[in-house]
Amino acid sequence: MPQRHSKNNNDLAFFTYDEKRKLGYGTQKERLGKDSIKPFDACCLCLKPFIDPLCCPKGHVFCKECILECLLSQKKDIKRKLAAHSAQQKQEKEEEDEKLVLKKARELEAFDQQNHGAVPQYSDKNHISDKNGFHGANSVRVTSYEEEALRNMKAFWLPSATPEAPVKLDAPSTSTICPEGKEKLKLKSLFPIYLTDENNEQTKKPKSLENNFICPSCKVTLTNTLTLMAVSTCGHVFCKKCSDRFLAVDKVCLVCNKECKERHLVILEKGGTGFAGHGDHLQASDFKHLGSGSGLGLVRPATKT
């Protein structure tokens with residue numbers, strides 16, 4: 001009887017390595033295509049060609065309307081959280097004051113009873129008296145015992161035995177954050193950028209969806225394959241080659257002759273959204289585990305093209 005090859009199906013109690021690979025076991029990798037990468041001239045929020053673009057100090061570009069609306073909604077959310085936190089603090093303070101008043105009333109009543117020998121009278125609302133209205137030592141002992149038994153009873157269906165878990169609100173942060181880089185962002189830190197189109201005109205609004213922009217120095221068409229640099233003082237955008245060769249050396253913008261230091265050069269991010277890849281992270285990977293309950297032993301995944 002000839003021996004079976006490892007790639008053939010067999011009657012073993014486990015899957016061979018080749019069978020696992022055919023079922024999709026392991027890490028599957030695929031390089032992202034052009035449709036999965038955000039263009040450099042698209043807003044990070046609406047993913048459309050930006051209009052009146054504003055750039056943050058980390059190089060994320062947004063439409064002016066999109067980023068203003070985002071920051072305004074964040075401020076409204078912060079205001080709502082601050083109001084809820086202050087209301088909770090006020091309520092906690094009132095509860096502490098009420099407990100302090102009740103404690104003092106109990107101490108005064110106990111002192112008065114000890115000096116005058118009066119029958120103890122309880123004004124605490126939480127105290128449960130017996131049916132005859134007698135507030136003796138026996139009734140107090142029975143009531144405390146019943147409360148302790150009810151507290152330890154695991155009867156979650158009883159409304160009186162259901163524990164209350166008040167929600168503790170922490171003090172919210174009062175700083176607005178960048179929706180892309182998750183760092184603190186203020187409106188005054190945003191600066192406008194200006195791209196040069198093929199007609200050598202500085203523009204902030206694209207005339208068409210397929211508008212081509214060039215570097216004002218070397219006249220190279222700007223694409224996602226190039227690293228772009230923006231000057232935060234004037235907003236003009238250059239390719240990184242021209243920026244390193246001229247701007248970093250001469251300390252002057254080539255378009256408007258405005259002073260430009262090395263700290264004023266900002267690298268523009270070409271992507272960075274939840275729907276698009278960017279930078280060097282252009283490879284998607286998916287790990288599939290073959291085991292009980294995974295269902296991969298019944299269905300073979302479609303091969304990626």
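From a predicted model like this one, the values you see are computed outputs, not experimental measurements.
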So CD1 of Ile267 and NZ of Lys58: to nearest 0.5 Å the spacing works out to 11.0 Å
Does some side-chain heavy atom of Val266 sit less than 4.5 Å from a side-chain heavy atom of Met229? no
Closest non-hydrogen atoms of Ile193 and Cys55, given as atom of the first, atom of the second and distance, are CG2-CB, 3.8 Å
Note: Lys219 and Ile214 closest approach over all heavy atoms is CD-CD1, 4.0 Å
Return all side-chain donor-acceptor pairs below 3.5 angstrom for residues 251-265, not counting sequence neighbours, or 'none' if the list is empty.
from	atom 1	to	atom 2	distance (Å)
Lys251	NZ	Ala248	O	3.2
His264	ND1	Lys261	N	3.2

The side chain to side chain contact (heavy atoms under 4.5 Å, CB included) partners of Ser189 (sequence neighbours excluded) come to Pro57, Leu185, Lys186
Nearest heavy-atom approach of Phe62 to Cys43 is CA-SG, 3.7 Å
Evaluate the side-chain proximity of Leu222 to Cys215: yes if any heavy-atom separation is below 4.5 Å, no if none is. yes
The side chain to side chain contact (heavy atoms under 4.5 Å, CB included) partners of Asp250 (sequence neighbours excluded) come to Phe246
Sorted by chain and number, sequence neighbours left out, side chain to side chain contact (heavy atoms under 4.5 Å, CB included) with Asn224 holds for Ile37, Phe40, Lys270
Practice item. Decide yes or no for Thr221 and Phe213: does some side-chain heavy atom of the first lie under 4.5 Å from some side-chain heavy atom of the second? Key: no
Original post:
Are Val61 and Leu268 close enough, and set up right, to give a side-chain contact (heavy atoms from CB on, under 4.5 Å), and what steps lead you there?
Top reply: CA-CA 7 Å; Val61 185; Leu268 296 184; 3.9 Å; yes
From the list Glu92, Glu96, Lys90, side chain to side chain contact (heavy atoms under 4.5 Å, CB included) partner of Glu94 resolves to Lys90
Which of Leu247, Val220, Leu226 passes side chain to side chain contact (heavy atoms under 4.5 Å, CB included) with Phe238? Answer is Leu247
The side chain to side chain donor-acceptor pair (under 3.5 Å) partners of Thr223 (sequence neighbours excluded) come to Thr225
So OG of Ser232 and CG of Leu190: to nearest 0.5 Å the spacing works out to 12.0 Å
Side chain to side chain contact (heavy atoms under 4.5 Å, CB included) filter on Lys184, not counting sequence neighbours, yields Ser175
Applied to residues 226-249, the salt bridge (charged side-chain N to carboxylate O under 4.0 Å, His left out) test, sequence neighbours excluded, yields Lys240-Asp244
> Step by step, would you call His60 with Cys178 a side-chain contact (heavy atoms from CB on, under 4.5 Å)?
Replying inline: CA-CA 9 Å; His60 302 104; Cys178 177; 4.1 Å; yes
Side-chain heavy-atom pair Leu195, Phe50 within 4.5 angstrom cut-off = yes
Would you be so kind as to tabulate the donor-acceptor pairs closer than 3.5 Å made by side chains of residues 67-82, with sequence neighbours excluded?
from	atom 1	to	atom 2	distance (Å)
Ser73	OG	Glu69	O	3.3
Ser73	OG	Cys70	O	2.7
Gln74	OE1	Ile177	N	2.9
Gln74	NE2	Ile177	O	3.0
Asp77	OD1	Arg80	NE	3.4
Asp77	OD1	Arg80	NH2	2.4

*asked:* Could you check whether any side-chain heavy atom of Leu54 comes within less than 4.5 Å of a side-chain heavy atom of Phe191, counting everything from C-beta outward?
replied: no
| said: Side chains of Pro216 and His236, heavy atoms from C-beta outward: is any pair under 4.5 Å? | reply: no
inquiry  = Run Lys99 and Lys103 through side-chain contact (heavy atoms from CB on, under 4.5 Å) and show every step you take.
reply    = CA-CA 6 Å; Lys99 290 180 180 180; Lys103 183 179 179 181; over 6 Å; no
The salt bridge (Lys or Arg N to Asp or Glu O under 4.0 Å) partners of Glu183 (sequence neighbours excluded) come to none
